[in-house]
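Residue numbers begin at 1 in each chain, while the letters A, B, ... track the order of the sequences. Atoms considered below: every heavy atom in the structure, side chains included; atoms not considered: hydrogens, waters and symmetry mates.
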Amino acid sequence: MATLLLIDGSSYLYRAFHAIRELSAPDGTPSNALFGFVNMLKKLRQQTHADYIACVFDAKGKTFRDDIYPQYKAQRPPMPDELRVQIAPIHQAVAAFGIPILMIEGVEADDVIGTLARQASAQGITTIMSTGDKDMSQLVDDYARIENSMTEEVLDRDGVFAKFNVWPEQIVDYLALIGDTVDNVPGVPKCGPKTAAKWLAEFGSLDNIIANADAIKGVVGQNLRDTLQWLPTAKELVTIKCDVDLSSELPNGFDDLKYQTEDSATLLQLFTRFNFRTWVREMEGKVGQAAKPETPKGITSDLFGDEPNEAIPAEVSSIPAAPVERHYECINTSELLAKWIDKISAASMTAFDTETDSLDQMQARLVGMSFSVQAGEAAYLPLAHHGADTPEQLPFDDTLAQLKPWLESADHKKVGQNLKYDQHVLANLGINLAGIADDTLLMSYVLASHEKHNMDDQAARELGETTIKYEDICGKGAKQIGFAEVDLDTATAYAAEDADITGRLAHTLLPRLQANAGLHYVYRDIEMPSRQVLYVMERNGILVDANKLNRQSHDIGLRLIELEQQAYELAGQPFNLGSPKQLGEIFFDKLKLPVIKKTPKGAPSTDEEVLSELAKDYPLPKVLLEHRSLSKLKSTYTDKLPLMINAATGRVHTSFNQTVAVTGRLSSSDPNLQNIPVRTPEGRKIREAFIAPAGCKIVSADYSQIELRIMAHLSGDAALIRAFEQGLDIHKATAAEVFGVSLDEVTSEQRRYAKSINFGLIYGMSAFGLAAQLEITREAAKTFIERYFNRFPGVAEYMEVTRAAARDAGYVETVFGRRLWLPAIKSSNGAQRAGAERAAINAPMQGTAADLIKLAMVAVNHWLIAEKLSSRLLLQVHDELILEVPEAELDLVKAKLPEIMASVATLKVPLLAEVGVGENWEEAH
DNA sequence: CTGCTAGCATA
DNA sequence: GTATGCTAGCAGA
């Protein structure tokens, strides 16, 4: 049976406008109604498969109802300007989606819908009226029903009766009796839905009620008798006209209401103008496919030319190309140097690499550089080799000066493998590397975050080439020599190969990224821009008060000695408190304490959980717990951090690794500044040592409940979305739902339970895990989870859908299209598979959060530069950004920073960032 | 000197 | 129950 879908455009216009908070295009044009409307259209298109479709709007001007009753809708305020300006783009969007638009002068949208619905019913066509307008209930019959796509309410004949206690054919009478304040149609005073339904149940119809008006008692009965003259007019006003002449609009009848071809180009244009990023990405994929017909793979002389030869789907792993003939040379004369400067100046893209004497990017000194502009052809320029044969090497300073313009030119595009490192190395020499167009490390990471991304592995995987390993030429371990000690022939073979392979990798990987709009967006608009911000943050470094940490080390040291003495007495012998093995022997062999759990290798565990449990009954574990936590703080933080201060800058410069975390998160190392303590008072003292220089403050801004908000967005769960929209304490709100109490009745115990389940959900929880966390039985945890899923069915469904999608595709995606691969999801090992399923649940949330804060970092950095501010980004800790801000800029940054963070994307729930200020990180947090 | 384990710091 | 990085201890070079 054929189906007709009629969208009540006028009703959704207002609903979308009021349902969504402020939202506007970059130029300030409001876009909330457009966003809501398009969202609704997409949802409808996905959910409802109709043969015929129309979106109906009110036309301008008066209607026949104004002639009947001049006060009709007289009290309705004019359409707000903010909505009015969105009408044209909304019509444009509807049309571009391929949905026919109907606007008939002299009648309202309802009348057009009524007419079409009646015509459809007569032909046996099912009609779905998508509207939120209760008046339309009068149109429901055996063929026509209402589906409200916002509330997902469905009203068929029985549904109408269930809702209003009258049948659809009585709705007109019912509306006439109760009137419509919005449209300024009076009814019978004091007659509401209850009374109207009661009368209609008793007398069947308005006519019959009028006929029996004298029999109705009370004030309402008198009111009825007073309005008898009016009621027929009221009925006429609320009756939807079902005989509108549509012959000139639809000469071919329903055939004129078929879906048209989607106009992706217009949609892309529209979404770009209003900055609907997710949809832009979606459309870019479609437009790209349509605009780029497949071309045969050709041979180009310029291998790094701008246009990819062929769009290879990202899913298809590349087939290693045929061996490339290599020609590498060593630049050791001014003629060769001139030749290569010409080459790289003319090239549209140069693969570039540096060789240095250290892995520490802030300390590393340049030893040489290599270049390649064509597959198989590359050159190595040695600059600081020394050793037995320090031969034909061009002079360091002079050669670098010749290359500096090219290195610092944004017009000369470079591609490299981890150019952030090379950028540091050159910055150490006062050279500001520019024109960084591509990075094969990031390409590999975006295409396949679960693979290895080092150049040797990439070369083998993507090109089928075996490369010279660093260790092959420099040795390893203590006997390793610096690259400057390597002879020039060997160095050339190695370094030129690096540039050559990098260029060829870029040429292979870029088309695969471009073939997928989502991945390309993640690479081009998230990873490449945040690469630059990370460089800036690493370069900035953070000021650390070494004296303060040293004093803390000293104090902790004294306390540790006390604790050791106590432990020796309690144990009856001295032993190494830091050795789990010795500790185990004392605990379980000598003192015969009970074994609570075992390590994976089978030894009795002595971790914090076990110690806490044992501490309830024995004194020694308590001493151990304090010793453990203090020695961790001392060895990892208070002892180490002062040693990490860079002598030249006086600051600590971490390395942000952009390509290790499979979820898209960053990691920090040397030192890791993403795990500075915060939970315990002793730990927080370490944060106090991260300080702002004189005249500055530390400003910290963190996203509030970012992963739960993303869960609300991804699952679309109405209750969860509502809780965030209302700005509630989310754990409390969860508790209220799950325990069925009001918000102010939630006990702290209930809130704690809810908090655990919220975190558990983010981690792909099982009943077992939750039980352990809450120290309750597994059965109790299970019923608790069931109650949660009952209250938040959208979340339950999302979990299942995600698991299934991961099993199907082998990966899951973030909101921005980042792919998170889960090779273990198809493992025959049950435990591994279960682990991968938990990761599949967690990854979209953790990964989307990572995408968001990367976008925020880029936006904040961009703002700081555009406004020429001196404030500096220093650190990122997954959901937190830390800046150093001069006092003069404090108010501005305090206001703008959280605003930027909250507005990098528009999700189904608002984003919130909270800002703090202090002399040090602890105060600011 | 290198690689592994247990344990623990963060989001 | 997700994702990381670092330390000390220890075993086998």
Side-chain angles (χ1 to χ4, degrees), chain A residues 449 476-480 575-584 597-611 624-625 627-641 644 654-657 659-680 682-684 686-687 702-708 711 756-774 781 785 799 812 820 822 831 834-847 849-850 853 875-881 921 925:
Chain A
S449 63
K476 57 178 183 172
K479 290 179 289 262
Q480 191 172 58
F575 66 102
N576 185 342
L577 277 69
S579 164
K581 185 165 168 272
Q582 293 183 31
L583 185 61
K597 69 170 177 180
K598 300 205 166 182
T599 65
K601 276 194 74 185
S605 168
T606 64
D607 69 9
E608 194 204 70
E609 194 190 318
V610 171
L611 259 42
L624 256 299
L625 276 171
H627 186 274
R628 279 262 180 86
S629 87
L630 286 178
S631 65
K632 171 85 178 176
L633 294 182
K634 182 169 186 288
S635 65
T636 311
Y637 304 106
T638 61
D639 283 355
K640 286 284 149 47
L641 282 172
M644 306 295 287
T654 183
S655 292
F656 286 109
N657 195 326
T659 58
V660 287
V662 291
T663 52
R665 268 194 184 178
L666 301 175
S667 80
S668 157
S669 62
D670 309 297
N672 180 356
L673 297 185
Q674 288 182 323
N675 71 345
I676 302 302
V678 71
R679 287 177 199 182
T680 63
E682 303 80 38
R684 280 196 290 276
I686 293 167
R687 287 204 168 202
D702 69 309
Y703 279 116
S704 162
Q705 302 295 355
I706 183 90
E707 291 183 352
L708 275 179
M711 186 168 89
S756 276
I757 201 170
N758 278 335
F759 276 101
L761 286 163
I762 293 174
Y763 295 154
M765 153 186 82
S766 67
F768 183 82
L770 186 70
Q773 172 73 35
L774 289 172
I785 292 171
M799 299 289 162
V812 290
L820 313 161
L822 303 152
E837 286 184 2
R838 291 192 296 272
I841 299 288
N842 173 257
M845 296 184 255
Q846 193 182 118
I853 196 159
L875 297 176
Q876 184 255 45
V877 192
H878 307 310
D879 64 0
E880 176 187 14
L881 293 179
W921 190 1
H925 187 71

Student: Using a cut-off of strictly less than 4.0 Å, decide whether A:K601 has a side-chain nitrogen or oxygen near OP1 or OP2 of B:dA6.
Tutor: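 Answer no for this pair, as no side-chain N or O of A:K601 is under 4.0 Å from OP1 or OP2.
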Student: Considering every strand and a 4.0 Å limit on heavy-atom distances, what is the contact class for A:E608: base, sugar-phosphate, or nothing?
Tutor: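 Sugar-phosphate only.
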Student: Using OP1 and OP2 only, check whether a side-chain N or O of A:T606 sits under 4.0 Å from B:dG7.
Tutor: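 Affirmative; the distance criterion is met.
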Student: Please classify the nucleic acid contact of A:G477 as base, sugar-phosphate, or nothing, using heavy-atom distances under 4.0 Å.
Tutor: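 Sugar-phosphate, no base atom in range.
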Student: Check whether any side-chain nitrogen or oxygen of A:R838 sits under 4.0 Å from OP1 or OP2 of C:dG1, and answer yes or no.
Tutor: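 No, A:R838 has no side-chain N/O under 4.0 Å of OP1/OP2 on C:dG1.
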Student: Counting just side-chain N and O atoms, does A:T636 come under 4.0 Å of either OP1 or OP2 of B:dA9?
Tutor: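 Answer is no, no contact under 4.0 Å.
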Student: Ignoring hydrogens and angles, does a donor from either the side chain of A:Q674 or the base of C:dT4 sit under 3.5 Å from an acceptor on the other?
Tutor: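 Side chain to base: no pair present.
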Student: Determine the contact category for A:S631: base if any of its heavy atoms lies under 4.0 Å from a base atom, sugar-phosphate if only primed atoms, P, OP1 or OP2 are that close, otherwise nothing.
Tutor: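 No contact.
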Student: Any side-chain N or O of A:S669 less than 4.0 Å from the OP1 or OP2 oxygen of C:dG5?
Tutor: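 The answer is no; no side-chain N or O of A:S669 sits under 4.0 Å from OP1 or OP2.
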Student: Quick one: is A:S668 getting a side-chain N or O under 4.0 Å of the B:dT10 phosphate, OP1 or OP2?
Tutor: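 No, outside the criterion.
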Student: Looking at A:N576, does any N or O in its side chain come under 4.0 Å of the phosphate oxygens OP1/OP2 on C:dG9?
Tutor: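 It does, given that an N or O in the side chain of A:N576 lies less than 4.0 Å from OP1 or OP2 of C:dG9.
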Student: Using a cut-off of strictly less than 4.0 Å, decide whether A:R679 has a side-chain nitrogen or oxygen near OP1 or OP2 of B:dA11.
Tutor: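 Looking at the OP1 and OP2 atoms of B:dA11, one of them is under 4.0 Å from a side-chain N or O of A:R679.
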Student: Is there a side-chain contact between A:Q876 and the phosphate of B:dA11, meaning an N or O under 4.0 Å from OP1 or OP2?
Tutor: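 The answer is no; no side-chain N or O of A:Q876 sits under 4.0 Å from OP1 or OP2.
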Student: Whether A:T599 contacts B:dA6 is assessed here as follows: a side-chain N or O lying under 4.0 Å from the phosphate OP1 or OP2. Is that the case?
Tutor: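 Checking B:dA6 against A:T599, a side-chain N or O does come within under 4.0 Å of OP1 or OP2.
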Student: So, is A:K581 close to the C:dA8 phosphate, meaning a side-chain N or O under 4.0 Å from OP1 or OP2?
Tutor: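 No, outside the criterion.
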